[in-house]
Amino acid sequence: KLYCSVPGPSVLTGVHWKVFGDSDVFIKYASTVRTSVTINFEQAFDEVPNVVVSLVGFDLSSEGAGIHVIAADVTHSSFNLVIVAPVGVKLYAVQASWLATVSHKTNIWVHNFMLSTETNKALASLSEEFGERTVNVRFKYSRRLVDPGLAVAIAGFEFGSGRNMRLRLE
């Protein structure tokens, strides 16, 4: 007998939309809240993939706004999409997209980093001024890229009350 196994995928993508009801923690409580949703891959990977998540949409109200989405507990067959809302946020809905990839097979390299006012002077100066302001971030890659493409996404943000915010990723 000859047995053939079907190789696992090299890349999968998806979108998850979660609407919270009156009994959900994101509407009832005024403290930092975390919840997670297990995302099962339609087919298991042969090895644990790199997973990146990003915000696509949300509906929230608060004195100070914010939301974060995080990929955690990644396995061959699933990961947990963690949703975090800071103190004072009432979150009614969130939509996140995700990409899971085995980078050495696809040449899709995932780079996650965090900007904060504590670590980035340019970002810290944004809160001291008015009008449109820009923060530029330089990426340093671990290898030389041939014919590179780049996708930029945001996985979370926070800002204080009394502020307006507009975000543009280029």
Give, for atom CD1 of I83 and atom NE2 of H68, the distance between the pair rounded to the nearest 0.5 Å.
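Atom-to-atom, I83:CD1 and H68:NE2 are 12.5 Å apart.
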Separation between OG of S77 and CD1 of I39, rounded to the nearest 0.5 Å
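It is 12.5 Å, given to the nearest 0.5 Å.
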[X] side chain to [Y] side chain, donor-acceptor N/O pair below 3.5 angstrom:
X   : Y    : result
T38 : S78  : no
E47 : H104 : yes
N50 : T101 : no

Residue pair [X] / [Y]: nearest heavy atoms and the distance that separates them:
X   : Y   : answer
V15 : W98 : N-NE1, 3.9 Å
F79 : V53 : CE1-CG1, 3.9 Å
A44 : P9  : O-CD, 3.1 Å
V51 : V74 : CG2-CG1, 3.7 Å

Applying the side-chain contact (heavy atoms from CB on, under 4.5 Å) criterion to S36, which one of D73, V84, N80 satisfies it?
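Going through D73, V84, N80 one by one, the side-chain contact (heavy atoms from CB on, under 4.5 Å) with S36 is satisfied by N80 alone.
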Name all residues meeting the side-chain hydrogen bond (donor to acceptor under 3.5 Å, both in side chains) criterion together with S10; count only those two or more places apart in sequence or in a different chain, and write none if there are none.
none
Shared hydrophobic cluster, V19 / V56 (ILVMFWY, side-chain heavy atoms < 4.5 Å)
no
Return yes if some donor-acceptor pair links the side-chain N/O of E42 with the main-chain N/O of L12 below 3.5 Å, else return no.
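No, because the side chain of E42 does not come within donor-acceptor range (under 3.5 Å) of the backbone of L12.
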Donor-acceptor under 3.5 Å (D46 side chain, G8 main chain):
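Pair found, side chain donor or acceptor close to backbone of G8.
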Could you check whether any side-chain heavy atom of [X] comes within less than 4.5 Å of a side-chain heavy atom of [Y], counting everything from C-beta outward?
X   : Y    : value
V48 : T75  : no
V69 : V82  : no
L99 : I108 : yes

Not counting sequence neighbours, which residues clear ring-ring contact (aromatic ring centres under 6.0 Å, His included) with F45? List them please.
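For F45 the ring-ring contact (aromatic ring centres under 6.0 Å, His included) partners, ignoring immediate neighbours, are F41.
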